[in-house]
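Following: one structure in structure tokens, then a few remarks.
Ligands are counted one by one from 1 in listed order, and the atoms in each one are counted from 1 as well.
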Amino acid sequence: MRMSNSLDLLFLSTPVGALGTGLGGGVELTLKNIAQAMQERGHRVRVIAPEGSQCEGIAVSTVPGTLQVTAQTQGRDASIELPPHPVLGAMWEKARQQQQPFDLIVNFAYDWLPFYLTPFFEVPVAHLVSMGSISEAMDEVILNSIDRNPASIAFHTRSQAETFGERTRNCTCLGNGIDLSLYDFCETPVDRWAWVGRIAPEKGLEDAVAAVARTGVALTVWGKMQFPEYWEDVRRRYPEAKVEYGGFLPTQALQEQLGRCRGFLMTPKWVEAFGNVTIEALACGVPVVAYRRGGPSEIVRDGETGWLVEPDRVDGLVQAIQQIDKIDRRTCRRQAEAEFSIPALGERVETWLCRVWEPRRHRGHGQL
Ligand code: UDP
């Protein structure tokens with residue numbers, strides 16, 4: 001169903017990195033794809049993002065300031081901190097000043113401040129939560145926002161939402177989506193496996209490397225080198241593994257390389273909120289071997305588009321690697337087309353945003 005009114009939407013990006021640098025992780029692609037999906041449905045989108053941001057086909061206003069430290073590198077009881085001249089504060093100040101012509105603001109940042117500021121805004125603010133529960137302070141502010149207005153909070157997956165507990169049960173789960181025209185289906189792979197993600201401990205690269213060391217298959221790792229010392233440590237622990245680093249590539253080059261791989265390993269140590277790379281692999285026809293944990297466990301169809309393995313069990317990964325030829329690559333592409341296209345995502349996001357916007361329209365604020 002398509003809504004009859006077109007909305008003016010203001011998107012607030014993550015303050016941990018400029019769009020296009022990879023520092024923002026999956027949020028960068030998510031924001032771009034949701035903006036594209038909403039524009040394709042006739043809505044207007046403007047983005048506020050840190051200085052240096054680039055996002056093709058989307059109007060971006062950039063703001064200078066010091067980047068925020070990523071929440072997942074802090075402990076569970078860490079305090080909320082802001083550096084001097086925070087880009088996060090500057091982005092939300094700009095949103096406050098420019099809010100009036102917009103119907104809705106959509107927050108993509110996993111940060112305390114936007115949740116706290118929401119009741120002080122005249123325009124409604126919807127929040128897409130991009131990670132699971134990792135800090136007490138964030139849990140508190142997110143749950144308070146849910147209690148105030150459950151419709152305004154969305155997650156990617158049910159397993160992600162559940163990390164915040166029972167109070168999330170009425171919140172929307174959006175999944176995610178990609179522009180499938182940018183991902184080519186590759187029918188005949190070479191003898192190589194892929195691992196794609198930020199090189200960071202929560203992503204569990206060591207288990208993938210341990211598994212390829214035991215099976216003797218070759219593995220290429222693509223992604224932002226966030227923690228070089230972690231990479232060195234993994235390499236030192238498994239010197240016999242045939243592993244190479246392929247760099248951080250733009251989507252076009254990434255999908256070309258990824259598509260040729262026989263299989264894709266997804267071995268996170270945390271509850272992955274979604275795992276964009278999972279659907280990117282499926283879109284190229286690459287079967288996914290993933291731990292049965294978080295987002296990938298809701299995406300991969302065990303035995304059809306990959307194998308789900310008991311979390312943290314390298315022997316399970318080894319077994320799945322040996323059975324990868326039982327998976328039909330065309331089924332992988334078909335799943336991506338059916339569930340994770342831009343139109344499918346656009347419909348889910350529009351339904352969510354209407355739920356946030358509609359009550360306000362009935363109160364007479366809507367620009368109809
Ligand atoms: N990515 C990329 N180039 C690379 C490797 C990764 O553009 O060489 C992107 C990938 O497309 C995905 C993001 O990095 O959108 C990783 O997102 P994901 O949701 O898998 O994990 P996150 O980093 O958010 O935890």
**Report entry** Closest protein heavy atom to atom 21 (O) of ligand 1, given as residue, atom name and distance to 0.1 Å
**Finding:** Lys203 NZ, 2.9 Å
Report summary line: Near Gly26 (heavy-atom distance under 4.0 Å), the atoms of ligand 1 are 13 (C), 15 (O), 16 (C), 17 (O), 18 (P), 19 (O), 22 (P), 23 (O), 24 (O)
Query raised in the report: Considering only heavy atoms of Val277, which atoms of ligand 1 have at least one such atom less than 4.0 Å away?
Result: 10 (C), 12 (C), 20 (O)
Query raised in the report: Which residue owns the protein heavy atom closest to atom 14 (O) of ligand 1, what's the atom, and how far is it?
Result: Phe248 CE1, 4.4 Å
Query raised in the report: Parallel under 30°, tilted from 30 to 60°, perpendicular over 60°: which one fits the rings of Phe108 and Phe11?
Result: tilted
Query - Asp179 with Lys32: basic N within carboxylate O range, under 4.0 Å - result: no
Query raised in the report: Should the heavy atoms of other residues, nucleotides or ligands under 6.0 Å from CD of Glu229 be counted, would the total exceed 12?
Result: yes
Query raised in the report: According to the interplanar angle, ranging from 0 to 90°, do the rings of Trp112 and Tyr116 count as parallel (below 30°), tilted (30 to 60°) or perpendicular (above 60°)?
Result: parallel
**Report entry** Distance-minimising heavy-atom pair for Ile279 and Phe274
**Finding:** CD1-CE2, 3.7 Å
**Report entry** The one among Ile199, Thr278, Asn276 that brings a heavy atom closest to atom 18 (P) of ligand 1
**Finding:** Asn276
Query - 4.0 Å heavy-atom contact, Gly247 with ligand 1 - result: yes
Query raised in the report: Mind checking whether Trp92 and Phe121 have parallel, tilted or perpendicular rings, split at 30° and 60°?
Result: perpendicular
Query raised in the report: Roughly how far apart are Gln226 CD and Glu202 CD, rounded to 0.5 Å?
Result: 6.5 Å
Query raised in the report: Has Thr251 got any heavy atom lying under 4.0 angstrom from an atom of ligand 1?
Result: no
Report task. Tell me, please: is Phe274 in heavy-atom contact with ligand 1, that is, under 4.0 Å? Result -> no
Requested in this report: Compute the minimum heavy-atom distance from Glu272 to ligand 1 and say whether it is under 4.0 Å.
Outcome: yes
Query raised in the report: Can a non-hydrogen atom of Gly223 be found less than 4.0 Å from any atom of ligand 1?
Result: yes
Query raised in the report: Counting each atom of ligand 1 from 1 as listed, which ones have a heavy atom of Glu280 under 4.0 Å away?
Result: 10 (C), 11 (O), 12 (C), 15 (O)
Query - Thr220, Thr267, Asp207 screened by side chain to side chain donor-acceptor pair (under 3.5 Å) with Trp195, the one that passes - result: Thr267
Query raised in the report: Can Gly275 be said to touch ligand 1, with heavy atoms closer than 4.0 Å?
Result: yes
Query raised in the report: Taking 4.0 angstrom as the limit, do Glu337 and Arg333 come out as a salt bridge?
Result: yes
Query raised in the report: Using heavy atoms and a threshold below 4.0 Å, how should the contact between Glu28 and ligand 1 be classified: side chain, backbone, both, or neither?
Result: neither
Query raised in the report: Please state which protein non-hydrogen atom is closest to atom 23 (O) of ligand 1 and give its distance, to 0.1 Å?
Result: Arg198 NE, 2.7 Å
Report summary line: Checking heavy atoms under 4.0 Å, the part of Val196 that sits near ligand 1 is side chain
Report task. Give the atoms of ligand 1, by number and element, whose distance to some non-hydrogen atom of Trp270 is under 4.0 Å. Result -> 25 (O)
Requested in this report: Answer yes if the side chains of Gln97 and Lys94 hold a donor-acceptor pair under 3.5 Å, and no otherwise.
Outcome: no
Query raised in the report: Starting from atom 3 (N) of ligand 1, which protein heavy atom do you reach first, and at what distance in Å?
Result: Leu249 O, 2.7 Å
**Report entry** Atom pair CE (Met91) and CZ (Arg96), whose distance is rounded to the nearest 0.5 Å
**Finding:** 15.5 Å
